[in-house]
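Working notes, structure below.
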Amino acid sequence: MAIVKKLVLDVLKPHQPNVLEFARTIASASNKCRVRVTVLEVDENTETIQVVVEGGSIDFEAIQSSISELGGSLHSIDEVEVQGKGQDSQGP
Amino acid sequence: MNLLDQVKFLLGITRSSDIVRRYFVVNGFDGALTMLGLIIGFLVSGASDLRVVINVCLGAAIALGMSGLSSAYVSEAAERRRALGKLEEAMITSLQDSAHGEAARGVPLLIALVNGLAPLAISLSILLPLFLDQTGLPLPIPPLYAAIVVALLIIFLLGVFLGRISGVSWLRSGIQTLLVAIVTATLIYVFTANSE
């Protein structure tokens with residue numbers, strides 16, 4: 001089974017919890033992964049953010065569940081990097 | 001996440017921490033002034049039966065607690081439902097299963113508890129000298145006077161608390177609230193003493 005190494009997600013979320021809390025919760029749901037959140041647009045009640053998750057093995061369902069629990073809505077998966085079984089994870 | 005962290009988180013996302021603090025002070029102050037007024041009224045009337053004083057004050061304290069609990073719950077639940085509805089409209093999705101939905105259900109309950117328990121707990125603290133006297137414990141001053149001292153001390157401490165959160169002098173803030181209590185006590189004394 002292929003391992004997900006990187007995800008770039010487009011998410012709509014309420015202002016609260018803020019991006020720091022949001023990133024922390026996603027990071028705790030995805031073991032040993034690096035999470036980067038960028039605010040793309042701010043509206044009256046919501047903000048659009050880009051969530052970049054990189055790591056050894058990303059559990060997409062856990063991340064999606066965290067986003068929903070925090071009141072966020074996953075709009076699109078903009079970029080994916082997966083590694084097939086048997087491929088060298090360190091690269092050339 | 002433990003219960004305290006969960007409460008902090010829910011208060012944070014609904015930005016309700018200041019509301020809880022405000023309700024605690026406002027209704028706590030209500031409880032303290034009501035007990036002060038009742039006790040001064042009993043003193044002026046020359047009430048000798050302490051059981052009557054305790055029952056009347058306890059009745060008022062319970063009523064204040066229930067009033068605070070129910071009024072805050074009804075109003076806050078309506079406010080939170082409205083806020084959640086607006087947010088769901090903006091998100092174009094249901095947030096009932098999210099932290100926002102949980103906050104809309106839990107935060108009114110928490111605010112109601114604070115609003116109800118603050119006057120009840122403060123009233124019971126003021127009545128403590130009366131309870132102690134009933135158990136036969138000797139007090140350095142008569143129990144009604146001791147209750148007045150406790151009431152004034154609690155009112156002063158509420159002022160100190162307000163001073164600390166607003167960043168002004170705690171002493172000045174404490175004296176301000178104490179002055180309110182003294183003016184209240186004077187008014188009660190003047191009106192009840194003249195009506196005899």
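Just so it is clear, the values below take in all heavy atoms, side chains as well, and ignore hydrogens, waters and symmetry mates. Reminder, nothing fancy here: chain letters follow the sequence lines and each chain counts from 1.
Within the 4.5 Å cutoff, no side-chain heavy atoms of B/Phe9 are placed close to those of A/Thr25. With a 4.5 Å cut-off on side-chain heavy atoms, B/Met91 and A/Leu12 count as touching.
For A/Ser68, the part lying near chain B is the backbone, with the side chain staying farther off; criterion is any non-hydrogen pair under 4.5 Å.
A chain of hydrophobic side-chain contacts below 4.5 Å, direct or via other Ile, Leu, Val, Met, Phe, Trp or Tyr residues, connects A/Val80 to A/Ile63. The cluster map of Ile, Leu, Val, Met, Phe, Trp and Tyr, joined by side-chain heavy atoms under 4.5 Å apart, puts A/Val52 and A/Ile3 in different clusters. The hydrophobic clustering, which links ILVMFWY residues whose side-chain heavy atoms are closer than 4.5 Å, places B/Val26 and B/Leu11 apart. B/Tyr23 is connected to B/Val25 through a chain of hydrophobic side-chain contacts under 4.5 Å among Ile, Leu, Val, Met, Phe, Trp and Tyr, so both are in one cluster. A single hydrophobic cluster is not seen to contain both B/Leu64 and B/Leu33; linkage of ILVMFWY side chains at heavy-atom distances under 4.5 Å, directly or through other members, places them apart.
Distance check: A/Glu69 CD to B/Leu95 CG gives 13.0 Å after rounding to the nearest 0.5 Å. Atom NE2 of A/His15 is separated from atom CD1 of B/Ile13 by 13.5 Å, given to the nearest 0.5 angstrom.
Around the CD atom of B/Glu79, the shell of radius 6.0 Å holds no more than 12 heavy atoms that belong to other residues, nucleotides or ligands.
Looking at every heavy atom in both residues, A/Asn45 comes nearest to B/Leu87 through O-CD1, 3.7 Å.
B/His100 places a side-chain N or O within 3.5 Å of a backbone atom of A/Gln16 that can act as its donor or acceptor partner.
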